[in-house]
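Right, one structure below, let's go through it.
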Amino acid sequence: MLLKDKIAIVTGAGTGMGKAIALRYAREGAHVVLAEINEASGQQAAAEVSAHDRRGLFVKTDLGKTESINSMVAKTMETFGRIDILMNNAGVTKKLDFFEVTEADWDWIHNINARGVFFCMQAVAREMVKNKAGKIINIASIAGKGFRGTSNISYAGSKGAVIAMTRIGASQLAKHNINVNSICPGATRTDLYDQIMKEIVQREGITEEQAIARMDASIPLRRSNSGDDIANMAAFLASDEARNITGQSFNVDGGLMWD
Ligand SMILES: NC(=O)c1ccc[n+]([C@@H]2O[C@H](COP(=O)([O-])OP(=O)(O)OC[C@H]3O[C@@H](n4cnc5c(N)ncnc54)[C@H](O)[C@@H]3O)[C@@H](O)[C@H]2O)c1
C-alpha cells in the first residue's frame, strides 16, 4: 500500500477523476475527505470509499467560497487531526469560442479553477506546516500549456495559473517539506468530457460518436484517459516514492502535448 493510514482531501470527489482518485487512495490505505459541492454524489462516493475499510468523510464544500474551504479544512482537522495529502481536483468549464467568453464566464471559471485552488492550498498548507510534511497535487490541464483543442480561452488561462502556482507554491513551501505538483490531463472520459462533447455536437452538427472518434484520432496513442489513468499518477505523486519531486506538471494525455 502506497498511502497506508494517510489522511487525504480530494476536492470534486463525487464524480469523474476525483472519484477515481478518492477510491484509489482508499485502496492504497488512505482515509479520504471528499470535498464536493454535490451532496448526492459526494455521499455516494464517500460510501464507496468506506466500503474499502477506510474512512470516507463527505464534507459539502464549495471551492468557489473561501469560508466553505476553511470550514472543510476545520472539519478535517477536527475528525482526523492532520492532513497529509491535498488533491485539488475540482474544476469547471464549458465550450466557448473566443468572442463568446463573457465576464460572468471568466469569473465563474477562475473563481473555482484558480482562486479556489489557491485558497485550498493555503488553508491546507497552514495545517501541513505544523507537521513539516505534506503532498499537494493540483489538477491543471494540458489546456494550461496551450493545447489548441481547449474548451475555451478563459479555462486555459485558469489552468495556466494552476501550473504557475504549482511552481511558486513548491518553491515557497519546500522549506516546510511540502511537495506541490500538478497533473495535466488530456481528454479524460468523465461527466465533464461528455458535457463538452454534447456542446461540440450541438455547435458542429456532427454525432457524438464522430466527435469522440475525432478526439481519439488526434491522440498519438489513439485513446482518451479513463479516470484511473489520472489516479495512477495521483497515487504516485501522493506517496513517499515521489518525495524528491516538486514544482512539476505532468501530462497524462496519450502524447497530445510534449511540454
Ligand atoms: N475531463 C477532461 O477531459 C479533463 C481534461 C483536463 C483537465 N480536467 C480537469 O480535471 C478536473 C476534474 O474534472 P472531471 O473531468 O473529473 O470533471 P467532472 O465534472 O466529471 O467532476 C468534477 C467534480 O467537481 C465538482 N465540483 C464542481 N464545482 C465545484 C465546487 N465549486 N466545489 C466543489 N466541487 C465542485 C463537481 O460536482 C464534480 O463532482 C477538473 O479540474 C478539470 O478541469 C478534465
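Positions are given from 1 along the sequence. This is a predicted model, so every value here is computed, not measured. Just follow the structure's listing: the first ligand is 1, and inside any ligand the first atom is 1.
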Heavy-atom contact under 4.0 Å between A143 and ligand 1?
no
Per-atom filter on ligand 1: closer than 4.0 angstrom to a heavy atom of V92 are 27 (C), 28 (N)
heavy-atom search around atom 5 (C) of ligand 1 in the protein gives G186 O, 3.2 Å
Could you identify the single nearest non-hydrogen protein atom to atom 24 (O) of ligand 1 and state the distance to 0.1 Å?
G12 CA, 3.3 Å
Please identify which atoms of ligand 1 are closer than 4.0 Å to at least one heavy atom of S141.
6 (C), 7 (C)
Could you list the atoms of ligand 1 found under 4.0 angstrom from a heavy atom of G91?
40 (C), 41 (O)
Note: A187, heavy atoms under 4.0 Å from ligand 1, region reported as backbone
Heavy atoms only, cut-off 4.0 Å: how does T61 contact ligand 1, side chain, backbone, both, or neither?
backbone
Please tabulate, for side-chain N and O atoms in residues 191-202, each donor-acceptor pair with protein atoms closer than 3.5 Å (sequence neighbours left out).
from	atom 1	to	atom 2	distance (Å)
Q195	NE2	T93	O	3.0
Q195	NE2	E199	OE2	3.1
E199	OE1	K95	N	2.6

Out of L34, I37, I109, D191, who is nearest to atom 35 (C) of ligand 1 when you count heavy atoms only?
I37
Which atom pair, heavy atoms only, marks the closest approach of S226 to D229?
N-OD2, 2.8 Å
For atom 39 (O) of ligand 1, what's the nearest protein heavy-atom neighbour? Residue, atom name and distance, please.
E36 OE1, 2.6 Å
Which pair of non-hydrogen atoms, one from A234 and one from I137, has the smallest distance, and what is that distance?
O-CD1, 4.1 Å
Taking only heavy atoms of L63 into account, list the atoms of ligand 1 that are under 4.0 Å away from them.
30 (C), 31 (N), 32 (N), 33 (C)
Option whose closest heavy atom lies nearest to atom 41 (O) of ligand 1, chosen from N111, I139, N251, N89:
N89
Tell me, please: is K159 in heavy-atom contact with ligand 1, that is, under 4.0 Å?
yes
Just need the protein heavy atom nearest to atom 15 (O) of ligand 1, so name the residue and atom and give the distance.
T190 OG1, 2.5 Å
Min heavy-atom dist T11 to ligand 1 below 4.0 Å:
no
Could you find the nearest protein heavy atom to atom 19 (O) of ligand 1 and give me its residue, atom name and distance?
L192 CB, 3.5 Å
At under 4.0 Å between heavy atoms, which part of K19 makes contact with ligand 1: side chain, backbone, both or neither?
neither
Atom pairs and distances, side-chain donor-acceptor, residues 119-126, under 3.5 Å, sequence neighbours left out:
none

Sub-4.0 Å heavy-atom approach of A140 to ligand 1
yes
Where on T15 is there a heavy atom closer than 4.0 Å to ligand 1, on the side chain, on the backbone, on both, or on neither?
both
Closest approach of any protein heavy atom to atom 4 (C) of ligand 1, naming residue and atom
M17 CE, 3.8 Å
Where the closest heavy atom to atom 8 (N) of ligand 1 is concerned, which of F147, Y155, Y193 has it?
Y155
Which atoms of ligand 1 have any heavy atom of I112 under 4.0 Å away?
31 (N)
